[in-house]
Protein chains: 2
Amino acid sequence: MTTGGTVSEVSEGISVLAHSVLANVANKWALLVIDTLGTETLRFGQVKSRVTGISHKMLAQTLRNLERDGIVDRTAYATVPPRVEYRLTEAGRELQRTVHGICHWTRSHLDHIETARRRFDAADA
Amino acid sequence: MTTGGTVSEVSEGISVLAHSVLANVANKWALLVIDTLGTETLRFGQVKSRVTGISHKMLAQTLRNLERDGIVDRTAYATVPPRVEYRLTEAGRELQRTVHGICHWTRSHLDHIETARRRFDAADA
DNA sequence: CAGGATCCCGTACGATACTG
DNA sequence: CAGTATCGTACGGGATCCTG
């Protein structure tokens, strides 16, 4: 590293944090979980059944990361069997609006993308 | 598998595509590249220097995936040295608006998140 | 300069099993 | 039911070298 200035150190520190946040937020499972939660309060199992294809492990991990970043709120009831509810925080709901935009864009462009892929794959053949 | 109906086969086929699209779009580098392109037309090297921390390989890979999905447009000029320009397609610009929302949310919530993380990490200690 | 090919390590992720 | 721990495999992603 040839930088060595305090300014660049600070700005790099910020970008490191930003990158780690993006790594948590900008991945398939996190997006789907955030979009699924929406304005609802759901139990672990409910989220799992609504997010198609997510594994038990990945859901737990994703929820923990989102909780850690203050995006989802976790409430555990000390009952038997245990009951744990998840909901988006205020910041989480702000994020959810733009996240929903991506999910919506994806769904509405599926056929567009499929043909684009076919053209691309045929081109370099 | 106990499903076996044509309906579920079709819906699963759709979700498989959706998941693969999300896997391309919903990752750190793709988001940053899309947000960086914005409304501009940039050369490979320009994108690379603007997306902090991306490696040569990941940029090439990300741009190829985005091109394949019809999100970015690639124009190569047969000059020496070669000159390749990237810009968002129409669909890509639609996506860019919501992607920008995520990047903006991340940037404006950095300190909020940092404190949330500290509280979380301190709690389970 | 753009970008593919190869090597190699670390991590993500699924499956499974165990605890409260 | 919710969550953690362990294991094994497969993929992500960086470094490096090579081509048009």
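Values below: every heavy atom of this structure, side chains too, minus hydrogens, waters and symmetry copies.
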Q) Just by protein heavy atoms under 4.0 Å, how would nucleotides 8-16 of chain D read 5' to 3' in B, S and -? A) -----BBB-
Q) Can you name the residues that form a salt bridge (Lys or Arg N to Asp or Glu O under 4.0 Å) with A/Glu90, not counting sequence neighbours? A)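 A/Glu90 satisfies salt bridge (Lys or Arg N to Asp or Glu O under 4.0 Å) with A/Arg93 only.
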Q: Can you tell me the distance, in whole Å, between the CG atom of B/Leu63 and the P atom of C/dC1?
A: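 In whole Å, C/dC1 P and B/Leu63 CG are 17 Å from each other.
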Q: Please report, rounded to the nearest Å, how far the C1' atom of C/dT11 is from the CG atom of A/Asn24.
A: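 Rounded to the whole Å, the gap is 14 Å.
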Q. Looking across every strand, which nucleic acid part, if any, lies under 4.0 Å from B/Tyr77 by heavy atom: base, sugar-phosphate, or nothing?
A.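 Contact class for B/Tyr77: none.
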Please enumerate all residues that pass side chain to side chain donor-acceptor pair (under 3.5 Å) together with [X], with sequence neighbours excluded.
{"X": "A/His100", "value": "A/Asp35"}
{"X": "B/Gln46", "value": "none"}
{"X": "A/Asn24", "value": "A/Asp69"}
{"X": "B/Thr41", "value": "none"}

**Q.** Neighbour count above 12 (heavy atom, 6.0 Å) for A/Arg107 CZ
**A.**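 Above 12, so yes.
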Q. Does A/Tyr86 have a side-chain nitrogen or oxygen under 4.0 Å from the phosphate oxygens OP1 or OP2 of D/dG3?
A.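 A/Tyr86 to D/dG3 OP1/OP2: side-chain N or O found under 4.0 Å.
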Q: State whether A/Arg74 places a side-chain N or O below 4.0 Å from either non-bridging phosphate oxygen (OP1 or OP2) of D/dA2.
A: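 Checking A/Arg74 against D/dA2: no side-chain N or O falls below 4.0 Å of OP1 or OP2.
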Q.
Both A/Arg64 and A/Pro81 contact DNA chain D. Taking the nearest nucleotide for each, which residue is further toward the 5' end?
A.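 Its nearest nucleotide lies further toward 5', so the answer is A/Pro81.
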Could you go through residues 50-59 of chain B and list every donor-acceptor pair under 3.5 Å that involves a side-chain atom there, pairing it with any protein atom two or more places apart or in another chain?
{"unit_1": "B/Arg50", "atom_1": "NH1", "unit_2": "B/Glu40", "atom_2": "OE1", "d": "3.0"}
{"unit_1": "B/Ser55", "atom_1": "OG", "unit_2": "B/Met58", "atom_2": "N", "d": "3.2"}

Q) For residues 22-42 of chain A, which residue pairs qualify under ring-ring contact (aromatic ring centres under 6.0 Å, His included), counting only residues two or more places apart or in two chains? A)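 For residues 22-42 of chain A: A/Trp29-B/His19.
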Q. Listed in order of residue number, which residues of residues 39-52 of chain A have a non-hydrogen atom at under 4.0 Å from DNA chain C?
A.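 DNA chain C contact set from residues 39-52 of chain A: none.
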